[in-house]
Structures are given as structure tokens and as C-alpha cells.
Amino acid sequence: MIKAKEFKKRRTQVAKIIGHDSIAILKAKDVCIRNGDADFKYRPDSYFYYLTGCSEPNALLIICPNNKYGEDVLFCRAVDKHNEIWNGPMLGLDDAVDKLKFDNSFDVNQSDELLPKLMQGRDKVYFMLGDDTDFDQQVVKWTSTVAKNKWAKSEAPHELISLKPYLDDMRVYKSEAEIKCMQLSADIAAQAHISMMQKCQPAMYEYQLNAEFLYSITQHNSSPSYLPIVGGGENACILHYINNDQKLKDGDLVLIDAGAEYDYYASDITRTFPVNGTFSKEQAQIYQIVLDAQTAALEKAKTGFHYNEYHDAAVKVITQGLLDLGILTGDLQTNIEEHTYAQYYMHKTGHWLGLDVHDCGEYSIDGLWVELEPNMVITIEPGIYIAADSKAPKKYRGIGIRIEDDVLITKQGNIVLSRKVPKTIAEIEALMRKDA
Ligand code: GLY
Ligand code: MN
Ligand code: MN
């Protein structure tokens with residue numbers, strides 16, 4: 001659980017970044033309608049939550065250094081007894097100050113009246129420019145309200161600036177408390193992956209393993225961090241397969257990419273295992289290449305290496321492996337240069353992980369790959385996908401394998417947060433034989 005003090009510290013950091021001549025404004029995302037009059041369960045926007053700890057819709061965060069109302073102000077819904085009867089307790093203005101440690105709070109219904117006052121005299125307005133066109137226009141409207149006020153027009157802001165790059169830079173380094181949440185999130189998902197391996201039987205349906213995943217993580221008050229992928233046989237070659245409605249066949253593999261969200265922090269884990277508990281010769285050959293690629297990538301997922309280096313390490317092992325099996329022909333260097341491996345490995349080896357599964361943060365700046373640093377969290381997820389209609393030797397067609405772990409970069413090297421899920425062929429087969 002991230003404490004209110006940590007959220008407050010982040011707001012103070014933003015105040016320092018923007019300076020005394022500026023104001024920052026962030027809006028909570030709206031509730032999403034699912035269909036008819038039914039909503040999706042509300043999940044706060046990650047940037048807004050990161051700075052506020054507030055998980056309610058209909059709220060505005062204002063960071064306005066050195067002003068009479070307070071440096072950090074939350075506009076939120078006033079407690080409404082009628083609403084509480086239907087939807088449960090609300091944060092309210094008092095708890096925004098008492099529990100979330102804001103300097104001040106106002107009723108969100110007063111925002112049109114107060115925002116121009118807060119903006120008056122500020123040169124720059126920082127906000128999530130381009131994220132929500134309606135809100136972009138709202139910020140311009142408040143700015144023009146100041147500009148049209150004949151007593152204050154010379155004090156209207158004259159620069160609108162994106163806050164996103166500054167927040168991305170903060171979010172990419174995880175604090176001790178965030179790392180604890182991410183470890184918990186990985187542990188919860190790991191337990192669920194183990195359960196799925198233990199429960200899997202030929203003739204089950206993909207959705208039954210999905211159900212096992214949901215059952216297991218829900219036991220820990222967690223929900224999926226993205227729609228789970230449960231792909232049996234050649235469905236594993238569909239990278240974003242989410243139908244999960246086919247029967248699992250004896251002799252096939254099943255690829256499961258499923259992560260948990262705990263306290264809004266994501267894990268993102270993939271394992272691929274045989275439906276009947278035993279890898280065939282060809283499945284084991286491909287699996288071992290992917291595992292070796294992941295091991296090679298892990299060696300380069302350390303402080304001082306650049307983001308591309310762990311991808312390049314995985315590509316090299318995968319390309320060599322595909323050559324060794326006669327799935328590719330020619331020499332290693334040419335195949336790498338000509339990207340022939342991309343017929344079978346068409347995605348990057350990983351991404352930032354945090355509040356979002358594909359977490360914010362740049363991968364390259366001015367054409368240079370970002371350097372990995374302590375407290376960054378990445379995924380390492382090499383794969384090989386040999387579609388049923390590919391040109392590979394017939395015996396390999398329809399095999400899709402990915403192995404994905406969540407990795408914390410440390411001063412000394414790295415820590416695999418998702419290490420509790422079995423990964424080697426021997427470990428998986430032993431677990432599925434139930435003699436682990
Ligand atoms: N589960 C999404 C991904 O692996 O990137
Ligand atoms: Mn991933
Ligand atoms: Mn994944």
C-alpha cells in the first residue's frame with residue numbers, strides 16, 4: 001500500500017519541477033459506460049492516481065506553488081448521502097485533506113469559478129496536453145476566462161505545456177513501496193500460473209484455465225492487469241488472442257499471458273506448457289530456444305546496458321536456434337540484418353511495467369536507446385510463433401511459445417519478480433506430474 005505521504009512527496013516534486021510561475025492541472029478520467037446503463041468498474045487513470053492516491057472519478061488535481069489556497073489542491077465530489085446509499089462511501093472534501101494530505105480541497109462543482117482565479121498570474125499551465133481533447137479545450141477556456149477579464153487580462157497564462165514527459169520520468173523509477181506492490185502483484189499472478197499448470201488437462205476449454213486464473217487472483221483481492229490470453233495450439237501464434245473459447249488438445253501446448261493488478265500495480269507473466277504435461281521433442285526444441293533467449297536477455301537487463309541490448313541478445317539466440325533447426329537458412333548475421341527472424345519473432349523483448357502494463361516512459365531519446373538504471377522494472381518476454389501456414393518444416397508448424405517475466409533492475413544486476421513460476425522444461429513437467 002502506498003502511503004499518503006508518498007503521494008504528497010510526488011506532488012511536491014511536481015511543484016518543484018514546474019516552479020512558482022506555473023500551475024499544473026490533472027483531471028480524473030470519467031466513468032466508462034459498458035453498455036446500456038451499466039458501467040465498467042472504475043479504475044483511476046494512472047497519472048492522476050500516481051499524484052493523488054485518489055481513486056474517484058470527477059476530480060481535479062491542482063498544483064499551484066506559492067498561492068493562498070495551498071500548493072496542492074483537490075477538487076472532488078462533496079459527500080452526497082443519497083449517492084452513498086447507492087454507491088458506498090465517498091472521499092469528500094474533508095478526507096481529501098485529512099487522509100490524502102492535500103493542503104486544501106474544493107467542491108468539483110466550483111472548478112469553473114475557481115480555476116481561472118488559480119491560473120491568474122501564472123505564466124505557464126502544465127497538463128496532459130493531447131490526452132483528452134475535451135479537457136484540452138477546458139484548459140483553454142479557463143485560460144481565456146482570465147484573458148477576457150479586463151482587470152486580469154495581462155495576468156493570463158501564455159504557455160500551455162505537456163506535463164507528461166516529467167511524470168513519465170518520475171514513474172519510470174519505482175520507489176521501495178512501489179516495488180513491494182509489484183512483488184505482491186507478481187506473487188499473486190505466479191500462484192495463479194502454478195494453479196493453471198496443476199489443473200490443466202486435455203479436453204478442458206481455454207476459458208476454464210482463464211477461470212482458474214481469475215479464481216486464484218480474486219482470492220487476493222486482485223483483478224487482471226489486462227485481458228488474459230489463453231491460447232491452445234496454434235492460437236498461441238495470435239499475439240493478442242483473447243477469445244479463450246477453444247478446447248485444449250492432447251499433444252498441444254497452451255500459452256497463457258496473464259497478470260494481476262494489486263493496489264493498481266501490474267504484473268505481466270507468460271508461461272507456455274504442454275496440455276498433457278509432457279513436451280514433445282519439437283515443442284521442447286523450440287521451448288529451449290525461447291528459454292535460452294530469455295536467459296541471454298536477462299544477462300543484459302542490468303544497470304548500464306541500453307534498452308535495445310536485451311532485445312538484441314534474445315534475437316541472436318532465437319535466430320541461431322531457428323537456423324539450427326532448419327527453420328531459417330543462411331548465416332546468423334545476414335538473418336539478423338535482414339530481420340528474417342521476424343517471421344517467427346515479431347515483437348520486442350519487453351517494455352516498462354508499473355501502474356500500466358505497458359507502463360509510461362521513453363525507450364529512446366534523440367535516437368539513443370535509454371540506459372537501464374536501478375529501480376526500473378521491465379518485462380523480458382521472448383517468443384517464437386510458427387503459424388500453421390508458415391514455411392517452416394511441417395513438424396514445427398502451429399507451435400507458439402512465449403516466456404515472460406517481470407524484472408527489477410538493481411545496482412548489482414536484477415531481480416526476477418515473477419521467479420516463483422516454474423520455467424524450465426523439467427520444472428514444468430515435474431509440477432504437472434504433481435511430483436514437484
Ligand atoms: N500482456 C501484454 C504484453 O505482454 O505485453
Ligand atoms: Mn508484456
Ligand atoms: Mn504479457
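Here, residue 1 is the first one in the sequence, and each next residue gets the next number. Whatever order the structure lists them in is the order used to number ligands and atoms, beginning at 1.
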>> Checking Arg171 against Asp356 for the salt bridge (charged side-chain N to carboxylate O under 4.0 Å, His left out) test, could you report, in this order, the C-alpha distance in whole Å, the side-chain angles of both residues, the deciding distance, and whether it holds?
In response: CA-CA 10 Å; Arg171 279 179 56 186; Asp356 294 316; 3.0 Å; yes
> Nearest protein heavy atom to atom 4 (O) of ligand 1, by residue and atom, and its distance?
Replying inline: Glu381 OE1, 3.0 Å
> Relative to the heavy atoms of Tyr226, which atoms of ligand 1 are at a distance of less than 4.0 Å?
Replying inline: 1 (N)
> Roughly, to 10 degrees, what angle do Asp268 atom OD2 and Glu381 atom OE2 form around the Mn ion (ligand 2)?
Replying inline: 150°
> Checking only N/O/S atoms, does His358 have one that is under 2.8 Å from the Mn ion (ligand 2)?
Replying inline: no
> For the residue pair Tyr205 and Tyr207, does the interplanar ring angle fall in the parallel (under 30°), tilted (30 to 60°) or perpendicular (over 60°) class?
Replying inline: parallel
>> Within the 4.0 Å heavy-atom shell around Glu404, which atoms of ligand 1 are there?
In response: 4 (O)
>> Looking only at N, O or S atoms, which one in Glu404 sits nearest to the Mn ion (ligand 3)?
In response: OE1
>> Quick one about Glu381 and Thr270 (side-chain donor to acceptor, distance below 3.5 Å, no hydrogens or angles considered), yes or no?
In response: no
> Has Asp257 got any heavy atom lying under 4.0 angstrom from an atom of ligand 1?
Replying inline: yes
> Of Tyr50, Tyr49, Tyr47, which is the lone residue that meets ring-ring contact (aromatic ring centres under 6.0 Å, His included) with Tyr264?
Replying inline: Tyr49
> Going through the checks in order, is the ring pair (Phe, Tyr, Trp, His ring centres under 6.0 Å) test met by His347 and Tyr385?
Replying inline: CA-CA 10 Å; His347 59 77; Tyr385 313 93; 5.5 Å; yes
>> Return the closest protein heavy atom for atom 5 (O) of ligand 1 as residue, atom name and distance.
In response: His358 NE2, 2.6 Å
> So which heavy atom on Glu404 is nearest to which on His351, and how close?
Replying inline: OE2-NE2, 3.8 Å
